[in-house]
There are 2 protein chains.
Amino acid sequence: MEPGQCLMRQAEEMNALFWIESGWAMRHRNLANGRRQILNLLLPGDICDLQGLIHTRADHSVTAMTPVMLCEVDAGRFLDLLHNDGQLAASLLWSVVQEEGILREHIVRIGRRSARIRLAHLLLELVRRQALGGGPSDGLIEIALTREVMADCLGLTPVHISRTLSELRRDGLVTLEPQGRLRISDIDALARHADYDTRYLHLARPDHVLDRAGGAQA
Amino acid sequence: MEPGQCLMRQAEEMNALFWIESGWAMRHRNLANGRRQILNLLLPGDICDLQGLIHTRADHSVTAMTPVMLCEVDAGRFLDLLHNDGQLAASLLWSVVQEEGILREHIVRIGRRSARIRLAHLLLELVRRQALGGGPSDGLIEIALTREVMADCLGLTPVHISRTLSELRRDGLVTLEPQGRLRISDIDALARHADYDTRYLHLARPDHVLDRAGGAQA
DNA sequence: CGTATACTTGACCCTGTTCAAACAACGTGG
DNA sequence: CCACGTTGTTTGAACAGGGTCAAGTATACG
């Protein structure tokens with residue numbers, strides 16, 4: 001899919017599941033007053049969306065931010081597959097727990113943190129998730145995020161993102177690379193600075209879940 | 001459990017699942033700077049928590065707000081039960097989708113709405129969820145919420161909640177009942193006023209999911 | 001090389017915060 | 001039954017973080 005194309009549209013009925021192979025996308029909701037809130041960014045390896053399994057109306061849209069390669073699975077077939085493959089079931093459970101964790105973290109960020117720390121957290125999370133999905137782990141964020149995207153993630157305005165980012169750059173925590181990509185110069189320093197729990201999403205995938213679910217078809 | 005008791009504590013290892021039979025509880029995270037963000041309120045009928053299934057460290061606490069009766073299920077036994085009971089599996093899937101919807105709604109509220117509308121949304125959601133769980137559906141919120149609880153839900157301060165609530169009362173949208181409980185005088189009026197999607201969580205539970213999962217042990 | 005899109009910067013404003021004091025509701029013990 | 005501590009609520013005044021509007025500047029792209 002090309003940038004700007006919708007994988008899924010608010011209020012549309014879903015009956016498939018997507019798996020992002022490459023490229024970035026975003027889940028977002030558009031409000032009546034023209035505002036937008038991005039709920040979560042989707043990186044390679046992410047699943048979208050459980051809602052598809054229960055064949056209901058989507059409460060948000062999903063839009064490609066870069067060219068995206070994805071794998072589409074019919075909901076019915078997927079449920080059948082779950083039946084025969086406990087490992088798949090365990091993966092799904094794992095992925096759901098991960099996603100809920102990301103959503104919760106997002107709530108805390110938006111609800112109780114300053115603009116500066118919100119932004120630091122967002123960048124730290126993206127760098128970490130990118131690495132988990134096989135991307136670079138050196139602090140460079142693969143794709144260029146517009147100020148508007150960051151603003152709509154964090155409940156701020158593009159103008160204020162611009163200012164806050166300048167601050168972080170001034171303090172040597174973040175640098176601006178070619179093509180508008182961002183780099184966290186020193187991940188640990190920024191994490192300390194921003195009270196970021198480095199164990200978050202660091203969870204090794206515990207195999208006992210796999211074992212158990214392999215028998216249980218969870 | 002008594003009010004103030006923890007069902008689950010941040011950073012503690014979980015290997016059980018709870019089902020709330022009666023009473024209200026809250027999921028929350030406490031930050032290093034002493035602030036608190038409530039992630040979600042748990043009402044009768046809610047499940048807490050999927051994280052328990054994969055035996056990992058909790059990233060948040062759960063605390064009883066009223067006396068709470070709950071049903072505790074060992075994670076391993078639950079996974080075994082899933083094996084034999086497709087209906088249970090479907091219920092779980094359903095409940096996960098519901099919960100993710102609630103979390104997403106919360107993000108939009110906190111990220112892109114004014115204090116007044118945030119509060120209206122919170123109250124509307126509670127009234128709706130309460131009714132879904134068998135509680136009153138006439139607009140009365142069963143339990144007295146402190147201003148601080150509402151503030152920590154919505155990313156605001158108790159002082160500002162107090163002011164905002166006064167406004168809503170002045171405008172005749174909400175009334176204060178005995179024992180500090182709140183009542184939405186006219187649910188539809190408030191929903192219109194607050195651009196609240198009344199279809200949200202109104203989702204009838206589709207039986208085809210049950211059927212399918214009954215065979216598939218999803 | 002010109003246009004479009006995004007980014008930066010400044011000035012001013014507004015929503016929600018902070019601090020502080022007064023007030024109400026409630027339970028306890030004398 | 002009343003005094004009183006406790007906990008939660010209301011209100012006011014001053015303040016600040018972030019928003020809004022507007023102008024100017026990069027950067028990419030055809």
Side-chain angles (χ1 to χ4, degrees), chain A residues 2-4 26 31 33-38 65-67 109-123 141 143-171 174-183 194, chain B residues 2-4 26 31 33-38 63 65-66 109-123 141 143-171 174-183 194:
Chain A
E2 286 313 300
M26 58 182 174
L31 304 188
N33 57 18
R35 290 181 154 181
R36 178 178 71 165
Q37 174 68 45
I38 295 178
M65 298 168 66
T66 67
R109 254 200 303 264
I110 297 182
R112 284 292 182 226
R113 299 195 186 275
S114 67
R116 191 182 162 107
I117 293 187
R118 279 187 220 185
L119 184 52
H121 270 234
L122 177 65
L123 299 180
I141 290 177
I143 73 164
L145 301 166
T146 67
R147 308 294 176 256
E148 194 177 7
V149 164
M150 295 186 253
D152 285 340
C153 277
L154 298 175
L156 298 166
T157 55
V159 177
H160 202 245
I161 292 288
S162 172
R163 285 193 235 271
T164 308
L165 209 45
S166 304
E167 260 185 48
L168 292 179
R169 280 194 281 156
R170 175 174 51 76
D171 298 349
V174 166
T175 58
L176 189 52
E177 304 281 311
Q179 290 137 43
R181 290 178 303 176
L182 292 169
R183 178 192 294 279
Chain B
E2 287 312 300
M26 58 181 172
L31 304 190
N33 57 18
R35 290 181 152 180
R36 179 177 71 166
Q37 174 68 46
I38 295 178
T63 305
M65 299 168 65
T66 67
R109 256 200 304 264
I110 297 182
R112 285 294 182 223
R113 297 194 186 277
S114 68
R116 189 182 165 109
I117 293 188
R118 280 187 219 185
L119 185 52
H121 270 233
L122 177 65
L123 299 180
I141 290 176
I143 73 163
L145 300 167
T146 67
R147 308 294 176 258
E148 194 178 6
V149 164
M150 295 186 252
D152 286 339
C153 276
L154 298 175
L156 298 166
T157 55
V159 175
H160 202 243
I161 292 288
S162 172
R163 285 192 233 272
T164 308
L165 209 46
S166 304
E167 259 186 48
L168 292 179
R169 280 194 279 156
R170 175 175 49 78
D171 299 349
V174 166
T175 58
L176 189 52
E177 304 280 310
Q179 291 137 40
R181 290 179 302 176
L182 292 169
R183 179 191 295 278

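Heavy-atom basis, side chains included; hydrogens, waters and symmetry copies ignored. Numbered from 1 within each chain, the chains take letters A, B, ... in sequence-line order.
Here the side chain of Arg35(B) pairs a donor or acceptor atom with the backbone of Arg112(A) at under 3.5 angstrom.
Residue Gln179(A) contributes atom CD, which lies 17 Å from atom C1' of dT5(C) at whole-angstrom precision. When the P atom of dG16(C) is taken as reference, atom CG of Leu119(B) falls 11 Å away, rounded to whole Å. Taking atom CG of Leu168(A) as the reference point, atom C1' of dT8(C) lies 15 Å away to the nearest angstrom.
The shortest non-hydrogen separation linking Ala194(B) to His121(B) is O-NE2, 2.8 Å. Between Arg118(A) and Leu154(A), the shortest heavy-atom distance links the atoms NH1-O, 2.7 Å.
With sequence neighbours excluded, no residue forms a side-chain hydrogen bond (donor to acceptor under 3.5 Å, both in side chains) with Glu148(B).
From Thr164(A), atom OG1 reaches atom CZ of Arg116(A) across 8.5 Å, with rounding to the nearest 0.5 Å.
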* Would you give a per-nucleotide map of nucleotides 4-21 of chain D, 5' to 3', where B means the base has a protein non-hydrogen atom under 4.0 Å away, S means only the sugar-phosphate does, and - means neither? => -----SBBBB----BSBB
